Amino acid sequence: MAQEVYFLPWKRKDELYSFLKAAKIFKHVKERTFLAIKIHFGEESNKGYIKPECVAPVVKIIMEKAAYPFLTDASTIYIGKRSDAYHHLLIANKHGFTIDSCGCPIIIADGLRGNVEQKIKVNLKHFKTVTIAQEIYSADSFIFMNHFKGHEITGFGGALKNIGMGCGSKVGKYAMHNSSKPTINNEHCIGCGNCVRHCYQKALSLVYKKVVMDKEKCAGCGQCIVNCAFKVFGLKWNKDSSVVQEKIVEYVAGVLKNKSGTYISFLNHISKYCDCFSLQKNGPLMDDVGIVAGVDPVALDQASYDLVNKAFGKNFFKEIYPEIDPTIQLKYAEELGLGTRNYKLISY
Ligand code: SF4
Ligand code: SF4
């Protein structure tokens, strides 16, 4: 059966509150329960993250249902402004996410150092258990607010990526990423050391002004790929991307086990890279499309993928990452029973 996905064009984004109310997608929200709103607060200098003014209407709806919403995210494995709770809260505040602007507090889900976590049994192909952030596990239900854009490893990042990778603790993120270790062709390396500074695993060093990697230490986070302007790093895209996509989906299965949620994706500032990168150049590559919402993360990602490609006039993701098939995550999620790719788009 087709799942309903609701669509609000970007030019009418100010109608977000009435759009979400009309969609009637918050049936899972119960009085006096803790509801985690999982979001990405954006890295330093990143411009693509969902803005606080889009969060406030969502919080308002939850408050009207007398539940207890809180904004949340988990720490990153790369070194940045979100790699521990202290700095994560500072960057969230700097980007305008405050109780005054959003209407609810922020609780970083995996503790001060990103190691407060919970193991969940899934018994799947890549993982028997997944390790997710404690407060994601503790929440009674969810709203996932996802920024839909390109992604350097998975082709696109949307709801599934925000749930699976986003809710993993550091141990979990490491487990998902570590099959995608970059390749090196250091012929063009100028020895600037930029990648070395961004490698939190200390897997990179310079020998005679050329980069070398200790593969044992590499966690596959992808920071070096994006921080080298000389295309020294690459990935074995097909194999590595498909494994990471499937691993992310297995984490989705763990996060959503016995829980329900609502999913809201923002199809704007559609960039090549994800919001973890503090790249001034990570700007939008096409016009903003709109906002989609629903109760099925697979249907939502499929609809987002189709809407972006339709607005672009051809397959946007094939254009930016010809080597990656980003639909692997959708196929595997459907296979695991996490939702359906069959959707009915209802425009507001
Ligand atoms: S960032 Fe690129 S050019 Fe600079 S040291 Fe690293 S690999 Fe070499
Ligand atoms: S070598 Fe690159 S991919 Fe590996 S941990 Fe360091 S920055 Fe991340």
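These numbers were taken from a predicted model, which means no experiment stands behind them. Indexing begins at 1, ligand by ligand and atom by atom, following the structure's order. Worth knowing before you read on, the calculation uses all heavy atoms, side chains too, and leaves out hydrogens, waters and symmetry mates.
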Check: Taking atom types as modelled, is there a side-chain donor on Gln134 or Glu117 under 3.5 Å from an acceptor on the other?
Finding: no
Item checked: Glu31 with Lys65: basic N within carboxylate O range, under 4.0 Å -> no
Notebook entry, point to check: Is a side-chain donor-acceptor pair under 3.5 Å present for Asp306 with Tyr343?
Noted result: yes
Next item on the list: Tell me, yes or no, whether the heavy-atom count around Lys259 atom NZ, taken from other residues, nucleotides or ligands under 6.0 Å, exceeds 12.
Entry: yes
Notebook entry, point to check: Between Glu246 and Ser242, do the side chains contain an N or O donor and an N or O acceptor separated by less than 3.5 Å?
Noted result: no
Check: Considering only protein heavy atoms, which is closest to atom 8 (Fe) of ligand 2, and at what distance to one decimal place?
Finding: Cys221 SG, 2.4 Å
Item checked: Set of ring pair (Phe, Tyr, Trp, His ring centres under 6.0 Å) partners for Phe317, sequence neighbours left out -> Phe148, Phe156, Tyr305
Note to self: Check for me: within less than 2.8 Å of atom 4 (Fe) of ligand 1, which protein N/O/S atoms show up?
What the structure shows: Cys192 SG
Check: Using 30° and 60° as the class limits, which term best fits the ring planes of Phe142 and Phe144: parallel, tilted or perpendicular?
Finding: tilted
Checklist line | Interfacing atoms of ligand 2 (cut-off 4.0 Å, heavy-atom, Pro182) | finding: 3 (S)
Next item on the list: Tell me whether Cys218 has at least one N, O or S atom under 2.8 Å from atom 4 (Fe) of ligand 2.
Entry: yes
Checklist line | Proximal atoms of ligand 2 relative to Gln201 (non-hydrogen, under 4.0 Å) | finding: 5 (S)
Margin query: With heavy-atom distances below 4.0 Å as the criterion, list the atoms of ligand 2 near Cys199.
Written below: 1 (S), 5 (S), 6 (Fe), 7 (S)
Notebook entry, point to check: Which atoms of ligand 2 have any heavy atom of Gly220 under 4.0 Å away?
Noted result: 3 (S), 4 (Fe)
Check: Can you list the atoms of ligand 2 that are under 4.0 Å from a heavy atom of Ala219?
Finding: 4 (Fe), 5 (S)
Next item on the list: May I ask you to list the atoms of ligand 2 that are less than 4.0 angstrom from any heavy atom of Leu204?
Entry: 1 (S)
Next item on the list: Could you tell me the residue and atom name of the protein heavy atom closest to atom 2 (Fe) of ligand 2, and the distance to it rounded to 0.1 Å?
Entry: Cys224 SG, 2.3 Å
Notebook entry, point to check: side chain to side chain donor-acceptor pair (under 3.5 Å): which pairs involve residues 87-96, sequence neighbours left out?
Noted result: Glu44-Lys94, Asp84-His87
Notebook entry, point to check: At their closest point, which heavy atom of Gln329 faces which heavy atom of Leu160, and how far apart are they?
Noted result: O-CD1, 3.8 Å
Would you mind writing out the side-chain donor-acceptor pairs for residues 182-190 within the sub-3.5 Å range, not counting sequence neighbours?
residue	atom	partner	partner atom	Å
Thr183	OG1	Gly234	O	3.1
Asn185	OD1	Glu187	N	3.4
Asn186	ND2	Val211	O	2.9

